[in-house]
Amino acid sequence: MSAIQAEDLQKSFGDLAAVDGLSITVEAGELYGLLGPNGAGKTTAIELLTGQLEADGGSASVLDVDPSEDPIGVRERVGVLPEKESPPSFLTPREFFDFVGRVRGIDDAVLDRRVGEWAGRLGLTEHLDTIASDCSRGNQQKVMIAAAFLHEPDAVFIDEPLANLDPIVQERVKEALVDYAAENAVVLSTHHVEVAAEVCTTVGIVHNGRLVAERTPTDLAPDRTLLDEFLEAVEGDHAAVDAGAAVADAEPDAAADGAGGAAAAAPQASSSNADAPDGDDGR
Amino acid sequence: MLREEWRLHARLFGGWRFAAFPVVVASLAASAVAALAWAGVEVAVAIAGLHALVFAFGLQTGSMGLVAQDALERVLGEISLLMSTWHHLPLSRSRMIAAFLLRDLVFYTLLIFLPLAVAFVPAGLLYEDALLAAAPKLVVSLPATFALGLATTTAIIALVQRGVSGKLLATGVLAAVGAGIWMGLPIAAASPYGLYADPSLLAVAGTVVGIAITATVGFAGLGRSEPRPARTREPALDALADRVGDERGLVARSLLELSRSAGGLGTIAFSATVLLAVAGGVVALVSQIAGVDPQAGLTFGPLLGLSAFTSYNWLTTAADAPSYRRFPLSIGDVIAAKRRALALVGLPTGVAALLVALAWLGTTPTDAAFGVLLFVGVHQYVGGLTAFLAGLQPNEFLFDTLLFTAFGAAVLVPVAPLLVVGLVVPSPGAVLLGAVAVTALALGAIGTVLGRRAGPRWEARYQRGDVE
């Protein structure tokens, strides 16, 4: 079974369909990019897959665990780097790592070794005993990155990991993600096309809560870039939404039974299908 | 900030639930005033007590200046967009903190003090002209009293943070005021209470000068922004977790966050002290009205038990529920840890405050024992009730009319009869004391059940995305 599977996943907040029929498949050894503009639904998708939110519809399996049935079981097995979060203001990074170690049941000696490795890799060693609120934004982000990997999970969900990092550390983080994805499943949410193109093995383009295209960066036509694909998919989706609205206006019955509307008019997504919004912040 | 505050609460509770809050306050207060008037309580005594309560409320609210200070310190403030972005604005820290507290003053005036003043009108029409005449004066004196309390706390906090000299100065000023009252100087006449009791130039001048001085000291002190090296700490979480038998470190994290936030563990003691002062005021008032010496333990115990709300509030101020949800933890795990931390810091602080008060006032060992029992029972009950109703955001439900009413009723129903026993029964017999003990145990049990049910209730809400 695939490491991560989502089938027709749906989540709405009031009238806003933040995730609207997302279906993706991520295998171990794959670095899957969720690429989309702000508010596309990427963050909500991650929250659904990691059991932080309950889906309104569809199904999902993460490392053979259903996040709706066993949200804590999923979070035991995966790592999560949230987009908008900093370490606890009044703990030091070392204390926060101790907390993570306790919550995740990591042996003290193993934890010390892994903290040392990540701190060295990210240039965090000399800040381990600084109160987090006195750390720079970049160092806070490093702490959050390390915390997501300390238990060496089989699947990791990473939301905009490069924010606030200097170029050197950005390169190190990208290398670390690629290395980690060699044996594990990594889902990277980003709105940076160049980052997705550089590190991802597969990129799902998400817009308005739907997966509108799926591409393999290394397998694009010679005269095409991922940015071209992204713009075409997103702009095509805009046109499809407009067309769908027009169809709905003209043929209310067809739209109501699901035959018309945006989904039917959306451009063909590749393999896994089509539609997933993400909530980075639709809500 | 006012617009931000309105939108925040309207979004949290829905506009009408927020807008209805002053109506509920006015209705409850009007009932209370009418009841006091019907019982023949002297107007002057009731209104003096009201000013004392409002001053204590101001003292308590002023400690929220610590939250404002923390919000300025944090890189990612979550309390207010303006507070968290002040670095980028052409504004001083002092001005931002002043604006933060001024906003509170305006909100509390509109939501609480004006409704309180209006509440005197119906009873005035029904019973006594003096109540009617009091209303317009209270419109001025109550907000001013609150402002003085607010500014006094900020000044004390600012001075205490200045080290030994600041602490000595704060102690000296408080001692001087206390001595002035003891010597019979017209301190009250020169305070905001004087604006009601005897509107005179002395009252106006004393109020303006008092608020101006304390506010200036407070805002200037809290607003000082001196470059400082990044603070470092030796690792303490593991040792603390081991000491309190906290396998997953949740309790230790809560305690460390509380102890390292502005005000630290002192915020818990401060809240208990304010309630102690309120309890003292209530006891004095009832003694004067009823001519009966209240049972200090039976009165102070339940009143101090209410401190569980403020203590839980302080323990959850730094809690960000989503930050726990990245881990294999339920909201129930987090709430249980917060409640355990509450027991670790709130119970000893409250018991200590209670014993100090009882030693000061003098009481029987029986009354003291039942006072402690009641304190523990009510503390456990209020802590569980708060967690059940408000989850990890107790500070945000204060102005939700429905929740506020539910919380108020759920506290009033069991606590009011206990207070009646403590205040008006001169020498409770064995049967009554037995009933008090059973009530205390029952409240503790109910609080425990509510606290346990809080987890699944709030977990479901977070899972649905109803709260962030």
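First the proteins, then the strands, lettered A, B, ... as listed; each starts at 1.
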How many angstroms lie between [atom1] in [X] and [atom2] in [Y], if you round to the nearest 0.5 Å?
X: B:R248; Y: B:L329; atom1: CZ; atom2: CG; value: 5.5 Å
X: A:D64; Y: A:I4; atom1: CG; atom2: CD1; value: 11.5 Å
X: B:L344; Y: B:R243; atom1: CG; atom2: CZ; value: 11.5 Å

Tabulate, in ascending numerical order, the residues of residues 70-78 of chain A having at least one heavy atom closer than 4.5 Å to a heavy atom of chain B, or enter 'none'.
A:P71, A:I72, A:R75, A:E76

Heavy-atom contacts under 4.5 Å, residues 142-158 of chain A to chain B:
none

Around atom CZ of B:R457, are there more than 12 heavy atoms from other residues, nucleotides or ligands closer than 6.0 Å?
yes

Could you tell me whether B:R233 atom CZ has more than 12 heavy atoms of other residues or ligands within 6.0 Å of it?
yes

Select one option (side chain, backbone, both, neither) describing which atoms of [X] are under 4.5 Å from chain A's heavy atoms.
X: B:D246; value: backbone
X: B:L258; value: neither
X: B:A252; value: neither
X: B:F327; value: both

Where the side chain of B:E257 meets the backbone of A:S89, is there a donor-acceptor pair that is under 3.5 Å apart?
no

Short side-chain to backbone donor-acceptor contact, A:S68 and A:E54, under 3.5 Å
no

Should [X] and [Y] count as an ion pair when the cut-off is N to O under 4.0 Å?
X: A:R121; Y: A:E117; result: no
X: A:R102; Y: B:D242; result: yes
X: A:K11; Y: A:E47; result: no

Ranked by heavy-atom pairs below 4.5 Å to chain A, first place among B:D466, B:L250, B:L237, B:D333 goes to B:L237

Among B:P328, B:A236, B:A460, the residue with the most heavy-atom pairs under 4.5 Å to chain A is B:P328

Any chance you could lay out the salt bridge (charged side-chain N to carboxylate O under 4.0 Å, His left out) test for A:D159 and A:K84, step after step, and finish with the verdict?
CA-CA 9 Å; A:D159 203 346; A:K84 291 186 272 184; over 6 Å; no

Describe, in one word, how the ring planes of B:W458 and B:Y462 are oriented to each other, choosing from parallel (under 30°), tilted (30 to 60°) and perpendicular (over 60°).
tilted

Given side-chain hydrogen bond (donor to acceptor under 3.5 Å, both in side chains), test B:T310 with B:N313 step by step and report yes or no.
CA-CA 5 Å; B:T310 48; B:N313 197 352; over 6 Å; no

Could you check which of A:T92, A:L91, A:V80, A:D108 has the highest count of heavy-atom pairs closer than 4.5 Å to chain B?
A:L91

